[in-house]
Amino acid sequence: MSAGIDKAGIDALEHDHVFLGTDHARNERRIWLVIALTAVMMVSEIAAGTIYGSMALVADGWHMSTHASALLISALAYLFARRQARNPRFTFGTGKLGDLAGFASAIVLALIALLMAWESLLRLSNPVPIGFAQAISVAVIGLAVNLISAWLLAGGGHGAHGNHAHHGHGHHGNGSHTHAHGRHHHGHGDHAHHAKTGDNNIRAAYLHVIADALTSVLAIAALTLGSLYGWLWLDPLMGIVGGLVIANWSWSLMRSSGGVLLDVVPEGETLPAEIRGAIETEDDRITDLHVWQVGPGHHAAIVAVLTSQPRDPAFYKGRLSALGELSHVTVEVTRAA
C-alpha cells in the first residue's frame, strides 16, 4: 500500500504567482505624488481664477482635473495589482493589470487628441480674442508642473530586470502524465537583446504628463508669436499639431499594451528562439512552444519536448535556468516512437 506523498515535498514545490515588476512599489508611490501635485495645482488655479476673474486659470484648472483622473487609473491599477497579487483566482497573477490600465489610458489619450483637434478646427474657423499675457502665464505654470511630474515618473517605463522566482511545471510520458513541479531562483543575465518588456502602466502615466507638457510648449510658442505678430491662427494650428502627435503616442501605447493582453509575441523578441536553442539537440525537439508575458519583465512558457531519450522535466527546466525573463515554465516530455 502506498504511503502517499510526503507533505514536506508538496510544500517545497507549491508556489505563488506574483509577477509584478521589480519597480512596482516605486512606480506606485511616484504616481500618487504626481496626482497630489496635480491636484494641488488644480485647486490653486480654480481658486485663483475664481477670485481674480480669470477664465483661463479656471479652464486650465478643470483641464488638470481630467489629467489627474487619467493618472488615477494607473495608480489604482498598481494598488489593486499589489493587493490581489496572491489571490488564487488570478491564475497567472495580476502582473498584466498594468497593461489593461495602459490600454484604457491609451483610449483616454486618443479622446484627448480628438477633442484637441476638434476644438482647434473650431477656433480656426471662428477665431476668438486671446488674452496673450494671461494665457502665456497659465501655459508656463502648466509646463513647470508637468516637467516636475515627468521627472518624478522618469525611468519607470523601462524593462524591469531583477531577481525573481522561476517556477517550473513538468509533465512526463505519453497519454497519462505524471506531474512534477520545480521551483528555484536564479539571477538575470544581460537581456538587452530581448524586445522591451517595460511597464505599460507607468508608460501610460508618463505619456499623459508628456502630452500635457507638449501642449504647454506648443501653446507658449504659438501665443508668443501671436502676441508679437497678431497671428491668431497659430494657436489653433498648434493645437492640431499637438493632437496629431498625441494620437500617434496613443496608438503606440494601444498596440504595446493590447499586444500583451492578447499574448502577442512582439517583433524582435528572441526569447522563443533562445528557448529552442537551450532545449533542442539531435535527440530532443520542441514540438509545441507557447511564450507570453505575465507581468513587466516576467514571461511564462509551455514547452512540449519530443525525445528519443526521455528525461525528467527538471532536466529540461535546468537548461532554461539561464533565461532570466522566464518566471513560469511548464514542460511536457513525450517519448519518440
Side-chain angles (χ1 to χ4, degrees), residues 15-36 38 67-111 149 152-153 155-167 194-209 249-266 269 271 290-302 324-330:
H15 56 269
D16 55 33
H17 296 85
V18 180
F19 301 130
L20 304 180
T22 55
D23 293 326
H24 187 96
R26 186 192 72 168
N27 292 342
E28 182 180 353
R29 288 193 302 270
R30 291 189 175 192
I31 286 185
W32 283 115
L33 281 174
V34 171
I35 291 175
T38 304
H67 181 54
S69 298
L71 290 172
L72 191 61
I73 295 175
S74 296
L76 292 177
Y78 278 123
L79 179 65
F80 185 85
R82 174 171 53 82
R83 290 186 173 180
Q84 300 295 321
R86 289 180 169 79
N87 187 335
R89 294 176 61 195
F90 294 92
T91 303
F92 278 97
T94 57
K96 291 169 71 170
L97 191 64
D99 298 288
L100 180 60
F103 190 84
S105 292
I107 294 175
V108 174
L109 270 177
L111 292 174
S149 298
L152 286 171
L153 297 174
H158 299 298
H161 299 280
N163 292 333
H164 59 267
H166 180 112
H167 309 300
H194 287 316
K196 186 175 290 185
T197 55
D199 189 333
N200 280 314
N201 197 20
I202 195 69
R203 181 186 171 203
Y206 187 76
L207 282 180
H208 272 286
V209 170
W249 291 346
S250 169
W251 174 241
S252 174
L253 178 60
M254 203 175 295
R255 287 185 61 188
S256 61
S257 57
V260 174
L261 293 174
L262 294 174
D263 298 330
V264 174
V265 177
E269 175 59 74
L271 189 55
H290 300 274
V291 180
W292 69 99
Q293 184 174 328
V294 291
H298 297 272
H299 286 77
I302 298 175
E325 289 187 1
L326 277 180
S327 301
H328 197 284
V329 179
T330 301

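This is a predicted model, so every value here is computed, not measured. Just the heavy atoms: all of them, side chains too, but no hydrogens, waters or symmetry mates, feed the values below.
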Rounded distance (nearest 0.5 Å) linking atom [atom1] of [X] with atom [atom2] of [Y]:
X      : Y      : atom1 : atom2 : answer
Glu325 : Glu269 : CD    : CD    : 6.0 Å
Leu100 : Ser105 : CG    : OG    : 9.5 Å
Ser252 : Arg203 : OG    : CZ    : 4.0 Å
Thr94  : Asn87  : OG1   : CG    : 9.0 Å
Leu153 : Ile202 : CG    : CD1   : 5.0 Å
Leu261 : Leu97  : CG    : CG    : 9.5 Å

Distance-minimising heavy-atom pair for [X] and [Y]:
X      : Y      : answer
Asn201 : Gly98  : CB-O, 3.5 Å
Thr38  : Ser149 : OG1-OG, 4.5 Å
Ala300 : Leu326 : C-CD2, 4.3 Å
Val265 : Val291 : CG2-O, 3.6 Å
Pro296 : Phe19  : CD-O, 3.9 Å
Val108 : Ala70  : CG1-CB, 4.2 Å

Tell me whether [X] contacts the main-chain N or O of [Y] through its side chain, where contact means a donor paired with an acceptor under 3.5 Å.
X      : Y      : result
His298 : Leu20  : yes
His208 : His67  : no
Thr330 : Ile302 : no

Residue pair Leu71, Val34: steps toward the side chain to side chain contact (heavy atoms under 4.5 Å, CB included) verdict: CA-CA 8 Å; Leu71 290 172; Val34 171; 3.5 Å; yes

Member of Ser74, Ser256, Ser257 meeting the side chain to side chain donor-acceptor pair (under 3.5 Å) criterion with Asn200: Ser256

Side chain proximity check, Met254 to Ile107, heavy atoms < 4.5 angstrom: yes

Lys96 with Asp263: basic N within carboxylate O range, under 4.0 Å: yes

Between Phe90 and Phe80, what is the ring plane arrangement, given parallel below 30°, perpendicular above 60°, and tilted in between? perpendicular

Under the side chain to side chain donor-acceptor pair (under 3.5 Å) test, which residues partner Arg86, sequence neighbours left out? Asp16

Start with the C-alpha distance between His17 and Thr91, add both sets of side-chain angles, then the distance that settles side chain to side chain contact (heavy atoms under 4.5 Å, CB included), and finish with yes or no. CA-CA 8 Å; His17 296 85; Thr91 303; over 6 Å; no

Check each of Val260, Leu271, Val264 against Gln293 using the side-chain contact (heavy atoms from CB on, under 4.5 Å) test, and report the only one that passes. Val260

So, Tyr206 versus Asn27: side-chain donor-acceptor pair below 3.5 Å or not? no

